[in-house]
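Right, one structure below, let's go through it.
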Amino acid sequence: MIITVSGAQGQGKSTVLSALAERGHLIVPNKTARGILADWSTTLEQVYSDKPLAVKFHETILERHAQMCKQYKESSDVAFIERSYADIFSYALAVLGPFNTYSAWLNDFYFRCARQQSDFSAVIYLTGRDYIPEEDGVRSTNIHFTEAVDSSIKKYLKKISDTTSTHRVFEVSSDSTERRVEHIVTGK
């Protein structure tokens with residue numbers, strides 16, 4: 001069984017997963033975007049300046065994420081992973097949405113992401129934390145971009161969960177890691 005922790009950049013997904021790991025919960029290691037950039041010896045800026053490469057990048061993210069989930073999907077153990085497929089789609093949409101050339105690809109990518117969302121038994125959507133931009137070579141430091149992506153993630157989480165019955169979305173709104181983890185573990 002897989003539970004995903006979702007939300008925009010800077011919402012504390014990695015921090016929450018680390019705290020869950022400290023409590024003994026199984027965490028699926030997931031640094032997909034960073035891993036791809038390292039494997040390709042490139043930067044996100046270089047990838048996004050080349051639109052066909054950006055498509056390949058998002059295809060690879062989807063493929064690797066699905067592969068990581070595959071081994072835990074049918075397990076009776078509860079495993080937590082960072083990022084839902086709604087997150088993955090929202091970032092692809094933010095990068096390639098303005099270009100009509102990629103409209104058909106984005107439509108297909110959405111349906112594949114929505115289908116893969118059934119990998120999860122539940123989605124924990126994190127919100128309520130003030131984002132402090134931090135330059136790390138992957139995340140945008142622009143708060144407006146973050147807010148736009150967050151709105152997109154929230155919309156597509158709802159849209160996908162409304163059309164499937166495979167999982168529920170739980171919104172956890174707090175800036176305290178301890179309260180977030182307690183809510184996730186106890187459901188309160």
Side-chain angles (χ1 to χ4, degrees), residues 1-35 61 64-66 68-69 71-94 113-114 116-188:
M1 172 188 318
I2 306 171
I3 298 174
T4 186
V5 179
S6 175
Q9 59 188 18
Q11 278 303 314
K13 295 176 299 297
S14 297
T15 302
V16 164
L17 289 170
S18 292
L20 286 166
E22 288 173 11
R23 287 184 171 204
H25 295 279
L26 176 61
I27 307 301
V28 180
N30 181 23
K31 295 295 179 198
T32 309
R34 287 174 178 86
I61 288 173
R64 288 189 183 186
H65 202 71
M68 285 184 283
C69 290
Q71 61 184 329
Y72 298 97
K73 186 176 170 183
E74 302 301 324
S75 173
S76 60
D77 294 329
V78 175
F80 291 90
I81 191 168
E82 185 174 336
R83 294 251 173 250
S84 75
Y85 293 99
D87 299 48
I88 292 168
F89 174 73
S90 293
Y91 281 100
L93 181 62
C113 286
Q116 287 297 141
Q117 192 79 358
S118 67
D119 286 352
F120 307 125
S121 300
V123 177
I124 307 297
Y125 171 72
L126 298 181
T127 187
R129 182 175 176 212
D130 288 332
Y131 174 56
I132 301 166
E134 175 185 310
E135 178 61 49
D136 68 357
V138 177
R139 290 186 277 196
S140 170
T141 58
N142 185 285
I143 188 66
H144 305 291
F145 174 79
T146 298
E147 290 170 351
V149 170
D150 189 47
S151 294
S152 180
I153 291 169
K154 189 170 187 174
K155 173 187 174 159
Y156 289 106
L157 280 173
K158 180 172 177 15
K159 185 175 180 177
I160 292 168
S161 68
D162 284 352
T163 58
T164 66
S165 59
T166 58
H167 66 277
R168 291 183 47 207
V169 177
F170 299 92
E171 187 170 317
V172 176
S173 179
S174 173
D175 63 352
S176 163
T177 300
E178 191 56 39
R179 281 195 298 262
R180 287 172 162 202
V181 170
E182 194 61 32
H183 181 78
I184 292 166
V185 171
T186 65
K188 296 178 186 176

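Along the sequence shown, residues are numbered consecutively beginning with 1.
Residues satisfying the side-chain contact (heavy atoms from CB on, under 4.5 Å) test with T32, not counting sequence neighbours, are N30, I36, I61, R64, H65, M68. The side-chain contact (heavy atoms from CB on, under 4.5 Å) check on E147 picks up I143, H144, with sequence neighbours excluded. Listed by chain and residue number, nothing satisfies the side chain to side chain donor-acceptor pair (under 3.5 Å) test with T127 (two or more places apart in sequence, or in another chain). With sequence neighbours left out, E182 forms a salt bridge (charged side-chain N to carboxylate O under 4.0 Å, His left out) with R23. By the salt bridge (charged side-chain N to carboxylate O under 4.0 Å, His left out) test, K158 is found to be paired with D162, residues two or more places apart in sequence or in another chain being considered. Taking the ring-ring contact (aromatic ring centres under 6.0 Å, His included) definition, one finds that H183 meets it with nothing, sequence neighbours left out. Shown here are the ring-ring contact (aromatic ring centres under 6.0 Å, His included) partners of Y125, two or more places apart in sequence or in another chain: there are none. With sequence neighbours left out, the side chain to side chain donor-acceptor pair (under 3.5 Å) criterion links R179 to S174, D175. Every residue was checked against the salt bridge (charged side-chain N to carboxylate O under 4.0 Å, His left out) condition with E22, not counting sequence neighbours, and none meets it. Among residues two or more places apart in sequence or in another chain, the side-chain contact (heavy atoms from CB on, under 4.5 Å) test is passed with S75 by D77. Among residues two or more places apart in sequence or in another chain, the side-chain contact (heavy atoms from CB on, under 4.5 Å) test is passed with A94 by F145, V149.
Closest of all the heavy-atom pairs between S6 and S84 is OG-OG, 3.6 Å. Contact detail for A66 and Q116: the closest heavy-atom pair is CB-NE2, 3.5 Å. Contact detail for L20 and I27: the closest heavy-atom pair is CB-CD1, 4.0 Å. Considering every non-hydrogen atom in both A86 and I160, the closest pair reads CB-CD1, 4.2 Å. C113 and Y85 get closest at one heavy-atom pair: O-CB, 3.3 Å. Of all non-hydrogen atoms in I184 and V172, the two that sit nearest each other are CG1-CG2, 4.4 Å.
Contact of the S152 side chain with the Y91 side chain is not registered, since no non-hydrogen atoms from C-beta on lie closer than 4.5 Å. Residues E82 and V5 fail the side-chain proximity criterion, which asks for heavy atoms closer than 4.5 Å. No side-chain heavy atom of L17 sits less than 4.5 Å from a side-chain heavy atom of V28. When side chains are defined from C-beta on, L26 counts as touching Y72, because their heavy atoms get closer than 4.5 Å. With contacts defined as side-chain heavy-atom distances shorter than 4.5 Å, the pair K13/I124 does not qualify. The shortest distance between side-chain heavy atoms of S161 and V123 does not fall below 4.5 Å. A 4.5 Å side-chain heavy-atom check between V16 and V181 finds at least one atom pair inside the cut-off.
Expressed to the nearest 0.5 Å, how far CG of D119 lies from CD of E74 amounts to 9.0 Å. Atom CZ of residue F89 and atom CD of residue Q117 lie 12.0 Å apart, to the nearest 0.5 angstrom. Atoms CZ and CD1, on F80 and I3 in that order, are 4.0 Å from each other to the nearest 0.5 Å.
Taking a 6.0 Å sphere around NZ of K73, one finds it holds more than 12 heavy atoms contributed by other residues, nucleotides or ligands.
D87 and S90 share no side-chain donor-acceptor pair at under 3.5 Å.
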